[in-house]
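The structure under discussion appears below in the form of structure tokens.
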Amino acid sequence: MRFTGPSPASTVSTRTPSPTRTRPPGVINSNRGEYLMNITLGTPRVNIVGIADTGSDLIWTQCTPCTDCFQQANPLFDPRKSSTYKDVSCRASLCSALGQTSCGRRGNCEYYYSYGDSSYTNGNVATETFALGSTTGRPVSFPRVLFGCGHDNGGTFDDKTDGIIGLGGGDASLITQMGRSTGGKFSYCLVPYFSDRGSSSKLNFGANAVVAGRGTVSTPLVQKEPKTFYYLTLEAVSVGKTRVEFPSAGPSLSEEEGNIIIDSGTTLTMLPQDFYSKIEAAMVKYMKLPRVSDPSQFISLCYKAVSDTERLGIPPVTFHFKGADVVLRPTNSFIRVAEDIVCFALNPGAMSIYGNMVQMDFLVGYDIQNMKLSFKPVDCTLH
């Protein structure tokens, strides 16, 4: 779902394939509150850098000819130079896999896709050969992957980004299209925004994506519509010893299942206003720093602070998921938005989203076959 909010003050730049024994990892780098993934496409191969987004399905990159594109450091992908690129006909069943499609003048399938922060992409639905790095050092290829060749794209992108890699649960996502080769498993470990320049971590698939060992906690993935999102059940949030229960949606327990999504493409964690207000009130009682306004006027709770986040007396914040308590570090709970201002990484929102900041320095494993998501606190620069 792409929804970034303000940028942190310190940043780091950075259908179905046949089964294979090799488990291909991607490399993830931190960039302005988003996480970028390297992948190659086309024949000959061309490198692209896309935002790794578990809250959307479409894989897309900017393409020539470009009607209206944002500036990017890499050359635009030129489909005319690839021998494996193929436009999808609007009569083909693949055309309907994305949902937001129409028939172009030449009979080609065209798409329009938008995101939670009003970013958008418009272009041709096509198939192409994609490749990911592997543990053997040799890239693993996936032929005929459905993707968007974007000719009209805009929004809050910077020049380090070429597009978005959709890792959601829908038919068009990279995860779904990789099919049996992953065994329905993938994991990632998001390095903190403030990590040393060049720090990166891997997106793993298959057997390498199993999250286990000391400190691991697991919670059920809940099947709901739309299939794009990975739904979890949040029971409560604690600030120090103050526990705030998630508001009940109704008398039926089943209505409360899957009340929040986990999303690598959203920076802040968004919660219902009433629920958030009680959590904020609990945090305010603990904090002894002078309260200030967010310079971007976006985040609700901010403090004046020059010291490192770990030394600010921030109480532990615990997310109580069904069967799994995830305890955040101070660096997960507060984000530095200016040299002398830190802000709470939780905020009120229309949709409940567990964002990427609270996932930093956790190994997060998705087991879609067994409908389970696992968290393990680690140093992601070592993964």
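Both Leu328 and Val284 belong to a common hydrophobic cluster when Ile, Leu, Val, Met, Phe, Trp and Tyr are linked at side-chain heavy-atom distances under 4.5 angstrom. Residues Phe375 and Val210 are members of separate hydrophobic clusters, defined by side-chain heavy-atom contacts under 4.5 angstrom among Ile, Leu, Val, Met, Phe, Trp and Tyr. Under the 4.5 Å side-chain heavy-atom criterion for grouping Ile, Leu, Val, Met, Phe, Trp and Tyr, Val378 is not connected to Leu190 through any hydrophobic cluster. Put simply, Tyr366 and Met360 are part of the same group of oily side chains (I, L, V, M, F, W, Y) that touch within less than 4.5 Å, one to the next. Met371 and Phe321 fall within the same hydrophobic cluster, where Ile, Leu, Val, Met, Phe, Trp and Tyr residues are linked whenever their side-chain heavy atoms come under 4.5 Å apart, directly or through other members.
The side-chain hydrogen bond (donor to acceptor under 3.5 Å, both in side chains) pairs that include a residue from residues 355-364 are Tyr188-Gln359, Tyr193-Asn356, where partners are two or more places apart or lie in different chains.
The 12-atom threshold is exceeded at CZ of Arg291, counting heavy atoms of other residues, nucleotides or ligands nearer than 6.0 Å. For Gln297, the CD atom counts as densely surrounded, since its 6.0 Å shell holds more than 12 non-hydrogen atoms of other residues, nucleotides or ligands. Sparse packing is recorded around CD of Gln223, with 12 or fewer heavy atoms of other residues, nucleotides or ligands lying under 6.0 Å away.
Between Lys227 and Asp171 a salt bridge is recorded (basic side-chain N to carboxylate O distance below 4.0 Å).
Of the N and O atoms on the side chains of Asp152 and Thr67, not one donor lies less than 3.5 Å from an acceptor on the other residue. Between the side chains of Gln72 and Thr161, no donor-acceptor pair of N or O atoms lies under 3.5 Å. For the residue pair Asp57/Thr228, the side-chain donor-acceptor check at 3.5 Å is satisfied. Side-chain contact of Ser82 with Glu128: a donor-acceptor pair under 3.5 Å is present, judged by distance alone. Residues Thr233 and Glu256 bring no donor and acceptor atom of their side chains to less than 3.5 Å of each other. Ser277 and Asp274 share no donor-acceptor pair across their side chains, judged by distance under 3.5 Å alone.
If you look at Tyr120 and Tyr113, their ring centroids are not closer than 6.0 Å.
Note that the CG atom of Leu146 and the CZ atom of Arg144 stand 12.5 Å from one another [nearest 0.5 Å].
A disulfide is assigned to Cys302 and Cys343, since their SG atoms are nearer than 2.5 Å. Sulfur-sulfur distance for Cys109 and Cys90: not below 2.5 Å, with no disulfide indicated.
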Evaluation steps, side-chain contact (heavy atoms from CB on, under 4.5 Å), between Phe334 and Ile314: CA-CA 9 Å; Phe334 276 81; Ile314 297 168; 3.5 Å; yes
Run Val326 and Thr318 through side-chain contact (heavy atoms from CB on, under 4.5 Å) and show every step you take. CA-CA 5 Å; Val326 179; Thr318 304; 5.9 Å; no
Output, in order, the C-alpha distance, side-chain angles, deciding distance and verdict of side chain to side chain donor-acceptor pair (under 3.5 Å) for Asp162 and Thr61. CA-CA 5 Å; Asp162 306 336; Thr61 187; 5.0 Å; no
What do the steps show when you test Glu245 against Arg243 for salt bridge (charged side-chain N to carboxylate O under 4.0 Å, His left out), and what is the final call? CA-CA 6 Å; Glu245 299 293 330; Arg243 180 178 169 115; 2.6 Å; yes
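Take Thr216 and apply the side-chain contact (heavy atoms from CB on, under 4.5 Å) test, not counting sequence neighbours, and it matches Val211, Ser218, Ser374, Lys376. Tyr303 is linked by a ring pair (Phe, Tyr, Trp, His ring centres under 6.0 Å) to nothing, counting only residues two or more places apart in sequence or in another chain.
Cation-pi geometry between Arg329 and Phe362 is met: the NZ or CZ atom falls under 6.0 Å from the ring centre, inside 45° of the normal.
Between Tyr276 and Phe344, the angle of the ring planes lies from 30° to 60°, which puts this pair in the tilted group. Ring geometry, Phe157 versus Phe70: the interplanar angle falls under 30°, so the pair is classed parallel (tilted spans 30 to 60°).
The backbone N or O of Lys322 sits less than 3.5 Å from a side-chain atom of Thr219, completing a donor-acceptor pair.
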